[in-house]
Amino acid sequence: MDRIPEPELMDEVEQARAYAAADFSEPHQAFVEHFRQRFADYNPKQVLDLGCGPADISIRFARAYPQCTLTGVDGAAAMLALGRDAVSAGGLQSRVELIQVYLPGSLPKAGSFDTVISNSLLHHLAEPMVLWDTLKANASEQAVVFIMDLLRPDSQAAAHELVERYASDETEVLKHDFFYSLLAAYRLEEADVQLRQAGLVNHLQVELVSDRHFIVWGRLY
Ligand SMILES: C[S@@+](CC[C@H](N)C(=O)[O-])C[C@H]1O[C@@H](n2cnc3c(N)ncnc32)[C@H](O)[C@@H]1O
């Protein structure tokens with residue numbers, strides 16, 4: 001099945017609310033656990049979360065690594081408003097900052113991030129190299145990189161099955177977004193081509209971690 005792109009920003013209030021209210025506890029906690037397993041004994045200090053949305057992963061990550069500070073970046077004001085509320089409710093304002101930047105765009109503290117994370121941004125980008133270029137422009141030397149995204153299924157029927165299996169109790173808005181996100185997602189071999197094009201293929205590896213997610217992880221030069 002060919003990829004069908006979807007809009008980049010999730011800037012509609014209803015869409016952002018549906019996303020923030022959905023139960024992503026399993027994949028989002030898995031994100032943190034996959035990171036911990038692959039970087040055992042590593043202690044992130046300055047973390048950049050690209051496409052942070054309503055900051056559920058930013059918050060989980062900041063709690064898992066209490067010595068880090070985290071900068072979350074998103075282009076959608078509606079998502080960031082929900083994210084800032086969640087950061088305040090979690091008492092993390094002193095360690096987690098969320099900023100509005102449409103990528104590619106320049107970020108404060110470029111080059112200082114020892115850890116770059118991102119979940120489900122890649123499949124939104126009209127030009128996927130924006131993710132890899134942003135990561136190269138903002139990570140410090142030998143930074144740790146951990147990206148997770150959806151995997152495009154073989155067919156629309158398979159995408160419908162995944163929506164029913166994992167989102168049957170969610171709102172129609174959320175189910176719609178999940179379905180179209182699956183159609184917009186990349187395949188492992190496409191992610192591999194992107195890494196080659198970015199000159200990152202010797203540093204980062206692509207790994208399938210579930211029936212609908214893959215990760216790209218490693219350390220920069
Ligand atoms: C599916 S959400 C993922 C949010 C969060 N990482 C999570 O896992 O819950 C993707 C986010 O990427 C943001 N986004 C998409 N394209 C972007 C761009 N070019 N610049 C900045 N943010 C972007 C969207 O606004 C949205 O909040």
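In this chain, residues are counted from 1 in sequence order.
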Donor + acceptor pair across side chains of Y166, D211 (<3.5 Å):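 Looking only at side-chain atoms, D211 and Y166 do form a donor-acceptor pair, the distance falling under 3.5 Å.
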Side chains of S58 and D49, donor plus acceptor under 3.5 Å: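 Side chains of S58 and D49: pair found under 3.5 Å.
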Residues 115-123, side-chain donor-acceptor partners within the protein, below 3.5 Å, at least two apart:
unit_1 : atom_1 : unit_2 : atom_2 : d
T115   : OG1    : Y42    : OH     : 2.8
S118   : OG     : L50    : O      : 2.9
H123   : ND1    : D149   : OD1    : 2.6
H123   : NE2    : E6     : OE2    : 3.2
H123   : NE2    : S181   : OG     : 3.2

Cluster check Y65, L48: I/L/V/M/F/W/Y, side chain < 4.5 angstrom: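 No, Y65 does not connect to L48 through the hydrophobic network.
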Nearest 0.5 Å please: distance from the [atom1] atom of [X] over to the [atom2] atom of [Y].
X    : Y   : atom1 : atom2 : result
R84  : L92 : CZ    : CG    : 15.0 Å
I57  : H28 : CD1   : NE2   : 4.0 Å
M79  : M10 : CE    : CE    : 3.5 Å
D41  : R36 : CG    : CZ    : 11.0 Å
N138 : Q46 : CG    : CD    : 11.5 Å

Derivation and outcome, side chain to side chain contact (heavy atoms under 4.5 Å, CB included), residues E141 and L220: CA-CA 7 Å; E141 264 181 45; L220 295 189; over 6 Å; no
Pair R187 + D192: basic N to acidic O under 4.0 Å: no
Presence of salt bridge, E26 and R165, under 4.0 angstrom: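 Salt bridge: no.
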Tell me, do [X] and [Y] make a side-chain contact under 4.5 Å, heavy atoms counted?
X    : Y    : value
I147 : F214 : no
F113 : S140 : no
I4   : Q156 : yes
L150 : H213 : yes
I215 : E207 : yes
V216 : V145 : no
T69  : V96  : no
V173 : E14  : yes

Ignoring hydrogens, what is the shortest heavy-atom contact between [X] and [Y]? Give both atom names and the distance.
X    : Y    : result
A159 : L183 : CB-CD2, 3.9 Å
D114 : P44  : OD1-CA, 3.8 Å
K109 : T71  : NZ-OG1, 3.4 Å
A185 : R152 : O-NH1, 2.8 Å
A139 : A143 : CB-CB, 3.6 Å
A78  : D11  : N-OD1, 3.2 Å

Under 4.5 Å side-chain linkage, directly or through intermediates, the cluster mates of V193: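 Hydrophobic cluster check, V193: no partners found.
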Keeping [X] on the side-chain end and [Y] on the backbone end, is there a donor-acceptor pair under 3.5 Å?
X    : Y    : result
R219 : Q142 : yes
K136 : G199 : no
H34  : V209 : no
D74  : L80  : no
R3   : Y186 : no
R38  : W217 : no

Ring pair (Phe, Tyr, Trp, His ring centres under 6.0 Å): pairs with one or both residues in residues 187-209, sequence neighbours excluded: H203-Y221
For residues 98-108, please give each side-chain donor-acceptor pair under 3.5 Å, one per line with the distance, not counting sequence neighbours.
unit_1 : atom_1 : unit_2 : atom_2 : d
Q100   : NE2    : G75    : O      : 3.1
Y102   : OH     : E8     : OE1    : 2.3

Centroid-centroid under 6.0 Å between F35 and F61 rings: yes
is_close_aromatic(F31, F146), centroid dist under 6.0 Å: yes
Listed partners of Q29 passing side-chain contact (heavy atoms from CB on, under 4.5 Å), at least two apart: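 With neighbours one apart ignored, the set is V32, E33, R60.
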By side-chain contact (heavy atoms from CB on, under 4.5 Å) - contacts of E170 (at least two apart): A22, D23, A167, L174
Worked check of side chain to side chain contact (heavy atoms under 4.5 Å, CB included) between L204 and W132: CA-CA 11 Å; L204 305 184; W132 311 115; 4.3 Å; yes
Full working for side chain to side chain contact (heavy atoms under 4.5 Å, CB included) between H176 and E172: CA-CA 6 Å; H176 171 276; E172 287 309 311; over 6 Å; no
Full working for side chain to side chain contact (heavy atoms under 4.5 Å, CB included) between N43 and Q67: CA-CA 8 Å; N43 282 315; Q67 73 286 22; 2.8 Å; yes
